[in-house]
There are 2 protein chains.
Amino acid sequence: MRPGSTRELAHPDAADLVLTDVLFALSDPARLEITRRLAEGPLEVAACQPTGGDLPKSTLSHHLKTLREAGVIRNVPHGRQRYVSLRRDDLEQRFPGLLAAVLRPAPAGE
Amino acid sequence: MRPGSTRELAHPDAADLVLTDVLFALSDPARLEITRRLAEGPLEVAACQPTGGDLPKSTLSHHLKTLREAGVIRNVPHGRQRYVSLRRDDLEQRFPGLLAAVLRPAPAGE
DNA sequence: CCAATAGTTCGAAGATTTTGGAACTATTGA
DNA sequence: TCAATAGTTCCAAAATCTTCGAACTATTGG
């Protein structure tokens, strides 16, 4: 296992997160659902698949890229697969309360 | 002053607000700034103009439309002009904490 | 090693957004 | 009543996003 042989992806520093980018990343239904799923805990890429959806690998990968570049998730190599996780602490530090508000299910009632 | 002669614009009911639509509306820098400006209080359309920006009327109007259709703002006729205001209560009821998190200035610090 | 696995990246087509000029509409001050 | 004011709507061009097949890259089980 050569050092640096794994394909590390770029992640913005917590301090560099941009609110509009985060909001944009979360403004897509599929990406929002991925985010909610990740709130339960880290997952491998394939398991991020939104409910009932069978997005092609490339599409799912693109959504993850959007979330990652906005700083919402972290995507690290793990053997043959990858672990995707929510950047909870970084988001909370930079935009306090945002994640909680977004993850909270909307009150029922028409 | 004929009844119904004023140009009323459509506004979604509070219960029908969609989170992803709200997030999308707020994900544009100009629209986010308009929203922040409105947090201080209602304004006429022209006064919503983002700082230093001199957006053409039509562009500004379009941004307001996006915010209005997402349910972020209300835009009502008022004489020759219009009053634009933040739908604070509706947003708070439907997505508790969201507006506060978005309006709060990001913590300083690199 | 080799093949299978798990994903990313490339590229291109189609859909949506963004922008802004021009035309249009109400409303009011003079 | 008329012109000026304050905005919206219409339209089209340019930019950006979304989607997904296909090619490519690591990694590991056998």
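Convention: sequence-line order gives letters A, B, ...; per-chain numbering from 1. As the structure is a prediction and not an experimental result, all values here were calculated from the model.
- Spacing between atom CZ of A/Arg68 and atom P of C/dG7 amounts to 14 Å, rounded to whole angstrom units.
- Taking NE2 of B/His63 as the start and OG1 of B/Thr35 as the end, the distance is 11.0 Å to the nearest 0.5 Å.
- Taking only side-chain atoms of B/Ser58, from C-beta outward, the nucleotide of C/dG20, C/dT5, D/dG7 with the closest atom is C/dG20.
- Taking hydrophobic clusters as Ile, Leu, Val, Met, Phe, Trp and Tyr residues chained together by side-chain heavy-atom distances below 4.5 Å, A/Leu23 shares a cluster with A/Leu103.
- A/Arg87 and A/Ala14 get closest at one heavy-atom pair: NH2-N, 3.6 Å.
- Distances were taken from every side-chain heavy atom of B/Arg80 (C-beta onward) to each of D/dT8, C/dG7, C/dG29; the shortest belongs to C/dG29.
- Both A/Leu38 and A/Val45 are assigned to one and the same hydrophobic cluster, defined by single-linkage of ILVMFWY side chains at heavy-atom distances under 4.5 Å.
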Using atom names, set out every protein N or O paired with an N or O of nucleotides 12-14 of chain D below 3.5 Å, distance rounded to 0.1 Å.
none

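- One finds the CD1 atom of B/Ile73 at 8.0 Å from the OG atom of B/Ser85 (value rounded to the nearest 0.5 Å).
- Checking B/Val45 against A/Phe24, the closest nucleotide of DNA chain D that is more toward the 5' end is the one next to B/Val45.
- Per the geometry, CD belonging to A/Glu69 stands 12 Å off C1' belonging to C/dT8, to the nearest Å.
- In this entry the distance linking CD of B/Gln81 with P of D/dA4 reads 18 Å, nearest Å.
- The strand DNA chain C forms stems, runs of 3 or more Watson-Crick or G-U wobble pairs with distances below 3.5 Å, at C:1-30 with D:1-30.
- At the phosphate of D/dC24, neither OP1 nor OP2 sits under 4.0 Å from any side-chain N or O atom of A/Arg7.
- A salt bridge links B/Arg37 with B/Glu33: at least one charged nitrogen is closer than 4.0 Å to a carboxylate oxygen.
- From A/Lys65, atom NZ reaches atom OG of A/Ser58 across 12.0 Å, with rounding to the nearest 0.5 Å.
- At the heavy-atom level, B/Leu9 lies under 4.0 Å from the strands shown only through sugar-phosphate atoms.
- Atom NE2 in B/His78 sits roughly 15 Å away from atom P in D/dT8 (whole-Å rounding).
- As rounded to whole Å, 13 Å separates atom P of C/dG7 from atom CD1 of A/Ile34.
- At a threshold of 4.0 angstrom between heavy atoms, the contacts of B/Asn75 are confined to the sugar-phosphate backbone, with no base atom among them.
- Nearest-nucleotide assignment on DNA chain D puts the 5′-proximal partner with B/Leu64, out of A/Ala30 and B/Leu64.
- One can place CD of B/Glu44 at 16 Å from P of C/dT27, the figure rounded to the nearest angstrom.
- Residue A/Arg31 has its side chain nearest to D/dT18 when only C/dT8, D/dT9, D/dT18 are considered.
- Under the 4.5 Å side-chain contact rule for hydrophobic residues, A/Leu91 and A/Leu9 do not share a cluster.
- In this structure, the separation between CD1 on B/Ile34 and CD on B/Gln49 is 8.0 Å, given to the nearest 0.5 Å.
- Distances shorter than 4.0 Å separate some side-chain N or O of B/His63 from OP1 or OP2 on C/dT19.
- Using a 4.0 Å heavy-atom distance criterion, B/Tyr83 is classed as making no nucleic acid contact.
- Electrostatic pairing of A/Arg94 and A/Asp16 does not count as a salt bridge here, judged by no charged N lying under 4.0 Å from a carboxylate O.
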